[in-house]
Structure formats: C-alpha cells, structure tokens
Amino acid sequence: MLKSAPPKRGGALLVLGLETSCDETAAAVVEDGRRVLSDVVSSQAAFFSRYGGVVPELAGRNHAARILPVVRESLRLAGIVYGDLGGVAATYGPGLTGALLVGLNFGKALAAGLGVPFVGVNHLAAHLQAPLLGEDPPEPPFVGLLVSGGHTALYEVGPGEPGQDGLLRFRLLGETLDDAAGEAYDKVGRLLGIPYPAGAALDELARSFSGEAEPFTRPLPEGLDFSFSGLKTAAARRVAELEGEGRLEERRSAVAAGFQAAVVETLAEKALAACRKILLKKLVVGGGVAANRGLRELLSRRAAEEGIAVRFAPLEYAMDNAAMVAARGYFLLAAGTTSPPELEASACLELGAGDGR
Ligand code: KG4
Ligand code: ZN
C-alpha cells in the first residue's frame with residue numbers, strides 16, 4: 001500500500017525501530033535514517049546458552065516480557081516522548097514466527113495508537129543498511145556481503161528509483177547452499193566447548209593461536225555460492241580424532257584457527273570475486289559475522305590491494321539491533337511505502353521480495 005511520505009517534525013523524522021526476529025529484543029530511535037539517537041538491545045543469548053541454541057517458543061515469550069521496557073528505554077535515552085515519533089518500523093521477516101509477531105504487532109499497534117505510519121522491514125535489508133550508519137556512508141551501487149547466523153549471501157545493491165533517495169535495492173548474486181557462516185561458527189564452537197552463540201569467542205580463540213593451524217580445505221572455491229556444512233563436518237571429524245588421541249585440549253585453538261582461516265578466506269575471496277564480476281569497486285559487509293576481527297582484517301587488506309573500498313557495519317550494529325531496522329524503515333517511509341495493518345510475519349522472507357507489503 002502506498003501513501004505519501006509522512007510529515008516531519010522540526011525538519012527531522014524520528015523513526016522507532018523494533019527487532020524481535022530471533023533472540024534479541026531491540027528498539028532504537030533513528031533520525032532521518034542516519035543519526036542513531038538510541039539503540040537498546042536486550043539479548044537472550046545468555047538465557048539460551050544453557051539450551052545450546054534458541055528455543056523458538058521461549059524466545060517469543062521473552063520478547064513479550066521485554067518489549068515494552070526496551071521501547072521505553074529507547075525513548076528515554078533518545079530524550080523524546082511517544083508523540084515525537086514520526087513513524088514506526090518493525091522486522092516482519094525472516095526469522096522465528098512467534099518471535100517476529102511480538103515486535104511486528106507491538107509496532108503496528110503503537111503506530112495505530114499514535115496515528116503515525118507503520119512499515120514492516122526485511123531483516124536482511126536492515127543488515128545491509130547497517131554499514132551505512134557510519135560517517136560518510138558509501139553511495140550505491142555496491143556489492144553487499146550479508147553474513148549472519150541465519151544467512152550468508154552476496155547481493156548487488158543499487159539505489160532506489162527516482163524519488164526514493166537512500167532506499168537500497170537488492171539483486172541476489174550468490175548464497176549458501178546449506179549452513180550460514182554464523183551457524184557454522186556456532187556448531188564448531190559447540191564442538192570446542194564454547195557456549196552459544198560461539199562466534200565472538202571462537203574468533204578470539206583463533207586469534208590467540210600462533211602455531212601451525214589445523215588445515216581445512218576451503219569449501220566450494222568456484223562461483224559466488226557458499227557451502228559451510230562440509231567444513232563443519234571436517235572440523236567435527238578432526239575434533240573426534242584429537243579427542244581419541246587425548247590431544248584436543250592442546251589443539252583446541254589450532255582447530256579454531258584453521259576453521260576461522262577457511263571461513264574468512266572463503267568469504268573474502270567470494271566478496272571480491274563478486275566485485276570483479278559486476279565491475280564494482282565498493283563493498284559493504286553486514287550481519288553478526290561482520291564483527292569477526294579476522295574477516296575485517298583479511299578483507300580490508302585484500303580489498304585495498306585491488307583498489308576496492310570496503311565498509312563494515314560498525315561493531316555495535318553488526319549483530320541484531322533495531323537501529324538498522326529504523327534506518328531501513330525511514331527510507332521506506334520517506335519513499336512513501338507503508339504496510340497494511342494485516343501485514344503478517346514472514347518466517348522465510350527473501351531479500352528481493354521487497355519490504356512491508
Ligand atoms: O546477525 P546476527 O546477530 O543474527 C542473525 O541474523 O543470525 O548474527 C549472529 C551470528 C551468530 O551465529 C554468532 O555466532 C555470529 O553471528 N557472530 C560471529 C562473531 N560475532 C557474532 N561469528 C564470527 N565471529 C564473530 N566475531
Ligand atoms: Zn540478524
């Protein structure tokens with residue numbers, strides 16, 4: 001459903017973003033899609049570490065208990081009241097249905113109560129909006145590498161149509177055929193005794209190692225698609241061997257270093273291959289794995305060698321957050337897109353399907 005762009009207050013439009021697609025309950029206030037006034041994330045990661053992963057029903061219940069305090073805190077930190085909001089945006093997919101429903105319905109009801117426009121946001125689009133929250137954001141077109149716990153994909157990211165300033169558009173170039181990179185981190189981390197979510201701690205363990213890493217074959221070296229499930233199986237086999245030899249403790253960080261090298265080299269090579277293929281010299285990287293220090297170093301170095309400018313999501317906006325949702329929501333609203341009240345949660349939403357309809 002299309003409507004004219006919402007009116008601005010005092011020259012600026014403040015959008016409240018809501019994110020509840022997985023295990024982070026998040027709310028943020030962003031001005032004009034760029035300036036983050038507040039960003040509150042209440043993570044359930046510690047709660048779910050005892051389960052080894054997210055239990056969907058419990059995630060939904062936790063979101064329901066947390067959403068109102070998180071929203072209130074985001075307004076308090078932004079120094080505003082509900083009446084200052086010019087629009088509300090909430091993630092409506094992809095993600096866990098029961099989790100998505102909490103933020104989506106809270107957002108729809110709040111917007112209706114305030115009489116401001118509401119728009120549903122695609123979580124994947126929001127992850128690729130996050131790198132643009134820094135200073136001097138790069139202008140599209142660029143290649144977008146999305147690396148999270150649920151997704152690993154490459155996109156050609158272009159500008160919106162005339163009259164849709166700042167609205168990114170996406171064309172899929174390649175994606176994982178099986179596991180996402182973050183999922184592989186979490187599974188291999190578990191083998192090494194690291195609690196869920198394991199990415200950041202595995203990254204640290206890998207970086208603390210300076211000897212000869214366990215060698216793992218780079219998965220699917222050709223093309224722009226990814227595959228991490230074979231690498232995860234190879235790591236599991238090696239861990240079992242080392243355990244049998246009584247050497248797992250001694251070689252734990254060597255496994256982490258070898259696994260990390262295989263993942264980050266694959267991600268870096270394919271992202272640069274995508275730039276070469278569609279002749280673009282700009283790359284942005286978003287999603288939880290964009291926080292990986294090994295990836296940030298390697299990709300920055302290799303991109304510089306090829307004259308490619310790379311922009312990572314700022315660390316605070318790499319993992320799930322609502323600032324990226326508010327930013328994407330702002331550009332949708334500014335382009336005149338609002339969502340109907342009957343918009344449903346969409347667990348398997350793809351990028352390219354658009355947002356909010
Ligand atoms: O984007 P995100 O918060 O949620 C999804 O949309 O999936 O990503 C979470 C994923 C988890 O799998 C987590 O282990 C991984 O990102 N992650 C990392 C790092 N920090 C978080 N993976 C590798 N290195 C990191 N430093
Ligand atoms: Zn995410």
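Order of listing sets the numbers, starting from 1, for every ligand and every atom in it.
Atoms of ligand 1 lying under 4.0 Å from at least one heavy atom of G288, given by number and element, are 1 (O), 2 (P), 8 (O), 16 (O), 17 (N), 18 (C), 19 (C), 20 (N), 21 (C). Those atoms of ligand 1 with a heavy atom of G149 less than 4.0 angstrom away are 5 (C), 7 (O), 8 (O), 9 (C), 10 (C), 12 (O). Distances below 4.0 Å separate heavy atoms of A291 from the following atoms of ligand 1: 26 (N). Near G150, meaning under 4.0 Å from one of its heavy atoms, ligand 1 places the atoms 7 (O). Listed by number with element, the atoms of ligand 1 under 4.0 angstrom from any heavy atom of M319 are 3 (O), 21 (C). Atoms of ligand 1 lying under 4.0 Å from any heavy atom of G182, numbered from 1 in the order shown and given with element: 12 (O).
Taking distance alone, with nitrogen or oxygen atoms compared against 3.5 Å, Y185 stays at or beyond that limit from ligand 1.
Judged purely by atom type and a 3.5 angstrom limit, K281 has no side-chain atom pairing as donor or acceptor with the backbone of G307.
In this structure, L167 and L332 have side chains that are in contact, with non-hydrogen atoms separated by less than 4.5 Å. Counting heavy atoms from C-beta outward, D320 and H127 have side chains that approach closer than 4.5 Å.
For the residue pair Q260/D203, the side-chain donor-acceptor check at 3.5 Å is satisfied. Side-chain N/O atoms of H123 and E19 include a donor and acceptor closer than 3.5 Å.
For residue C22, no N/O/S atom approaches the Zn ion (ligand 2) to within less than 2.8 Å. Distance check for H123 against the Zn ion (ligand 2): an N/O/S atom falls below 2.8 Å.
N292 ND2, 2.9 Å is the protein heavy atom nearest to atom 24 (N) of ligand 1.
The cationic group of R50 lies under 6.0 Å from the six-membered ring centre of F47 and within 45° of the ring axis, placing it in a cation-pi geometry.
Under the 4.0 angstrom criterion for non-hydrogen atoms, H127 is in contact with ligand 1. At a 4.0 Å cut-off, at least one heavy atom of H123 sits close enough to ligand 1 to count as contact. Within the structure, the closest approach of A200 to ligand 1 falls below 4.0 Å when heavy atoms are considered.
Summarising the contacts of atom 22 (N) of ligand 1 with A45, G199, G287, the nearest heavy atom is found in G199.
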